[in-house]
Amino acid sequence: MIWLAIVIPCYLIGSFPSGYLVGKSQGIDIRQHGSRNIGATNVLRVMGKKWGYLVFLCDSLKGFLAVKLGVLLAAGAGADPNLAGVVGGICCIVGHNYTVWLGFKGGKGIATSIGVSLAIVPILIVVIVLLVWLAVFFIWKYVSLASICAALSLPLAILILFPSVAHGNYWVLVIFSIIVAALAVWRHRSNIDRLLHGKENRFGSKR
């Protein structure tokens with residue numbers, strides 16, 4: 001029962017549609033504009049930096065809080081807190097990607113994955129992943145490509161660096177990172193198709 005008690009609330013935390021609600025607060029249905037995605041990038045493009053950064057913060061916070069909730073619930077029930085944090089974080093990302101409140105259509109999970117990673121992964125690895133994102137973005141100006149590359153760098157960085165920066169739960173984190181990367185790539189499959197055909201929009205370009 002403890003795992004069900006972790007899965008359901010963490011999914012619901014993730015399913016809180018920050019981008020949609022921020023848009024609605026300004027009289028905009030973000031699903032009808034730009035890429036029609038409720039994530040921070042589309043909010044930023046459509047509504048400006050202030051609102052985009054707010055959504056990014058909210059979506060990241062969801063991931064961080066879900067992990068902490070999973071750990072807290074597990075500790076009270078005598079379950080493995082590290083595994084509970086991973087389960088809670090993944091459920092939160094799934095909730096963000098497929099929110100029950102919007103017909104199971106949500107964002108692409110990058111900001112939420114960052115929040116989850118900050119709560120689980122050694123900070124050095126998080127910094128490396130963020131640097132990968134920044135490098136790819138500033139070279140090619142594609143948010144989607146930067147997000148995909150950053151997601152794929154997470155399991156690679158953990159495989160290479162984790163034994164030297166932390167101890168224990170190695171394979172739990174490896175499996176976690178592979179799942180997070182797979183979810184990110186899956187949610188960006190339409191972007192991948194546009195990138196392959198030269199139709200993806202660079203950041204700052206008009207749609």
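FYI, side chains are in, hydrogens and waters are out, and symmetry mates aren't considered; it's all heavy atoms of this structure.
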Nearest-0.5 Å distance, [atom1] of residue [X] to [atom2] of residue [Y]:
X	Y	atom1	atom2	answer
Ile13	Cys92	CD1	SG	6.5 Å
Ile179	Ser113	CD1	OG	11.5 Å
Ile30	Met47	CD1	CE	6.5 Å

[X] and [Y]: which non-hydrogen atoms are nearest, and at how many Å?
X	Y	result
Ala184	Ile110	CB-CD1, 3.9 Å
Ala150	Ser153	O-OG, 2.6 Å
Val136	Cys149	CG2-CB, 3.9 Å
Cys10	Leu69	SG-CD2, 4.3 Å
Ile93	Leu183	CG2-CD1, 4.0 Å

Name the atoms and distances for all side-chain donor-acceptor pairs under 3.5 Å in residues 73-86, with sequence neighbours left out.
| from | atom 1 | to | atom 2 | distance (Å) |
| --- | --- | --- | --- | --- |
| Asp80 | OD1 | Asn82 | N | 3.0 |
| Asp80 | OD1 | Leu83 | N | 3.4 |

Can you name the residues that form a ring pair (Phe, Tyr, Trp, His ring centres under 6.0 Å) with Phe104, not counting sequence neighbours?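 In terms of ring pair (Phe, Tyr, Trp, His ring centres under 6.0 Å), with neighbours along the sequence ignored, Phe104 is linked to no residue.
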
Salt bridge (charged side-chain N to carboxylate O under 4.0 Å, His left out): pairs with one or both residues in residues 136-145, sequence neighbours excluded: none

Mind checking salt bridge (Lys or Arg N to Asp or Glu O under 4.0 Å) for Asp29 and listing every partner two or more places apart, or none if nothing turns up? Arg31

Could you tell me whether Arg45 sits above the aromatic face of Phe203, with NZ or CZ closer than 6.0 angstrom to the six-membered ring centre and within 45 degrees of the axis?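 No; the conditions do not both hold, so Arg45 does not lie above the ring face of Phe203.
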
Output every pair passing side chain to side chain donor-acceptor pair (under 3.5 Å) with a member in residues 64-76, not counting sequence neighbours, ordered by first then second residue. none

Residue pairs fulfilling side chain to side chain donor-acceptor pair (under 3.5 Å) with at least one residue in residues 114-137, sequence neighbours excluded: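 Every side chain to side chain donor-acceptor pair (under 3.5 Å) pair that includes a residue of residues 114-137, provided the two are not neighbours, is Trp133-Ser147.
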
Test side-chain contact (heavy atoms from CB on, under 4.5 Å) applied to [X] - qualifying residues, sequence neighbours left out:
X	result
Asn37	Ser35, Asn42, Lys108
Trp101	Leu12, Ser15, Pro17, Thr99
Ile123	Leu118, Val126, Val127

Please list every donor-acceptor pair under 3.5 Å in which a side-chain atom of residues 55-67 meets a protein atom from a residue at least two apart or in another chain.
| from | atom 1 | to | atom 2 | distance (Å) |
| --- | --- | --- | --- | --- |
| Asp59 | OD1 | Ser18 | OG | 2.9 |
| Asp59 | OD1 | Lys62 | NZ | 3.4 |
| Ser60 | OG | Phe56 | O | 2.9 |
| Ser60 | OG | Ala111 | O | 3.1 |
| Lys62 | NZ | Gly14 | O | 2.8 |
| Lys62 | NZ | Phe16 | O | 2.8 |
| Lys62 | NZ | His96 | ND1 | 3.0 |

Side chain to side chain donor-acceptor pair (under 3.5 Å) partners for Tyr142, two or more places apart: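 In terms of side chain to side chain donor-acceptor pair (under 3.5 Å), with neighbours along the sequence ignored, Tyr142 is linked to Arg202.
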
Counterpart residues, side chain to side chain donor-acceptor pair (under 3.5 Å), relative to Tyr11 (two or more places apart):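 By the side chain to side chain donor-acceptor pair (under 3.5 Å) rule, Tyr11 matches no residue at all.
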
Counting N and O atoms only, with roles assigned by atom type, does the side chain of Arg189 sit under 3.5 Å from a partner on the main chain of Trp186, one being a donor and the other an acceptor?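 The answer is yes, because a donor-acceptor pair under 3.5 Å joins these two groups.
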
Main-chain N/O of Val174 paired to Ser177 side chain as donor or acceptor, under 3.5 Å: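 Yes; judged by distance alone, with no hydrogens or angles, the pair exists.
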
Which of these, Arg187, Arg194, Glu200, sits in a side chain to side chain donor-acceptor pair (under 3.5 Å) with Ser144? Glu200

Does a side-chain heavy-atom distance below 4.5 Å link Tyr170 with Leu159?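 Of all side-chain heavy-atom pairs linking Leu159 with Tyr170, at least one is under 4.5 Å.
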
Under a single-linkage definition using a 4.5 Å side-chain heavy-atom cutoff for Ile, Leu, Val, Met, Phe, Trp and Tyr, are Val121 and Ile178 assigned to the same hydrophobic cluster? yes

